[in-house]
Undergrad: 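Quick one: structure below, then a few questions.
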Amino acid sequence: MYNFIYNKQMDAYTTKQGWIEVLCGCMFSGKSEELIERLKRAKIARQKTQIFNSSLDTRYGKGQITSHARLSMKSAPVKTAKEILKKVKPGTRVVGIDEANLFDAALPEVCEELARRGMRVIVAGVDLDYTGKPFEVVAQLMARAEFVTKKLAVCTKCGSPASRSKRITKNKSRVLVGAAGVYEARCRKCFED
């Protein structure tokens, strides 16, 4: 059902109009995997694509986005959101951005500018931090996007749908890049326990 609705909505847009798609959710919910799949389909359609990620995310190496399921795609790491505008090449139709939650506050306006230029912008990121508070950058992107997909994981405690990222280390910094061993996907109830 999801693909039918998504594709039917996409048919309403012309190739001359840009828009923003946001893939959000907790850790281990498949955001990067979905981003990679959408970018692959754009490439199959012979649309010129460019992919960016935060230079902070080096979990699986530099110069690529990688899902926890180990799907990967080459990307350009950037330190700031505005760097993306400088690196987008002429003729690019689709821009993918992974780990939006690691970017600075300029990312929503950068995505708006790319959409104004007629590009399809697909952004993936964690929507809530480890305390359950929204990442402002992702919240701003969700409010500005034409399409928002909320991805859910499976709670590691009870098996229910999970929408939260529980940090299982003692580090208290708001942004801590990590994967299994640092975070677990949890449902609302198990997150609070």
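When reading the values below, keep in mind they use all heavy atoms of this one structure, side chains included, and skip hydrogens, waters and symmetry mates.
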Undergrad: For A105 and V137, work out which heavy atoms get closest and say how close.
TA: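 For A105 and V137, the tightest heavy-atom pair comes out as CA-CG2, 3.9 Å.
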
Undergrad: Quick one: do K82 and K86 satisfy side-chain contact (heavy atoms from CB on, under 4.5 Å)? Show the steps, please.
TA: CA-CA 7 Å; K82 288 190 176 176; K86 295 175 188 171; 5.6 Å; no

Undergrad: Report all side-chain donor-acceptor pairs from residues 186-193 shorter than 3.5 Å, counting only partners two or more places apart or in another chain.
TA:
unit_1 : atom_1 : unit_2 : atom_2 : d
R186   : NE     : E184   : OE1    : 3.2
R186   : NH1    : C190   : O      : 3.2
R186   : NH2    : E184   : OE1    : 2.7

Undergrad: Between E146 and I20 (side chain of the first, backbone of the second, donor and acceptor by atom type, cut-off under 3.5 Å), is there such a pair?
TA: yes

Undergrad: List the residues meeting salt bridge (charged side-chain N to carboxylate O under 4.0 Å, His left out) with K150, not counting sequence neighbours, and say none if there are none.
TA: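 Salt bridge (charged side-chain N to carboxylate O under 4.0 Å, His left out) check on K150 returns D127.
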
Undergrad: Check side chain to side chain contact (heavy atoms under 4.5 Å, CB included) between Q140 and all other residues, then give those that pass, not counting sequence neighbours.
TA: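 Result, side chain to side chain contact (heavy atoms under 4.5 Å, CB included) vs Q140: P108, R144.
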
Undergrad: Of all residues at least two apart in sequence or in a different chain, which pass the side chain to side chain donor-acceptor pair (under 3.5 Å) check with E37?
TA: none

Undergrad: Tell me, yes or no, whether the heavy-atom count around K157 atom NZ, taken from other residues, nucleotides or ligands under 6.0 Å, exceeds 12.
TA: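 Open: at most 12 neighbouring heavy atoms sit under 6.0 Å from NZ of K157.
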
Undergrad: Determine yes or no for a side-chain-to-main-chain donor-acceptor pair under 3.5 angstrom, with K31 supplying the side chain and C26 the backbone.
TA: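 Present.
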
Undergrad: Holding to side chain to side chain contact (heavy atoms under 4.5 Å, CB included), I want the full list of residues that pass it with K89, two or more places apart in sequence or in another chain.
TA: K48, Q50, T92

Undergrad: Can you tell me if S54 uses its side chain to pair, donor with acceptor, with the backbone of F103 under 3.5 Å?
TA: no

Undergrad: Given 3.5 Å as the limit, does a donor-acceptor pair link the side chain of S165 with the main chain of M27, or not?
TA: yes

Undergrad: Quick one: does any side-chain atom of D98 pair with a main-chain N or O of V123 as donor and acceptor, under 3.5 Å?
TA: no

Undergrad: Sequence neighbours left out, what passes side chain to side chain donor-acceptor pair (under 3.5 Å) with S160? Give chain and number order.
TA: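 S160 satisfies side chain to side chain donor-acceptor pair (under 3.5 Å) with no residue once adjacent residues are dropped.
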
Undergrad: Salt bridge (charged side-chain N to carboxylate O under 4.0 Å, His left out), that's the test. Do K79 and E83 meet it? Break it down for me.
TA: CA-CA 7 Å; K79 291 182 181 177; E83 263 185 79; over 6 Å; no

Undergrad: Identify the two heavy atoms, one from L128 and one from S163, that lie closest to each other, and give their separation to 0.1 Å.
TA: CD1-O, 3.9 Å

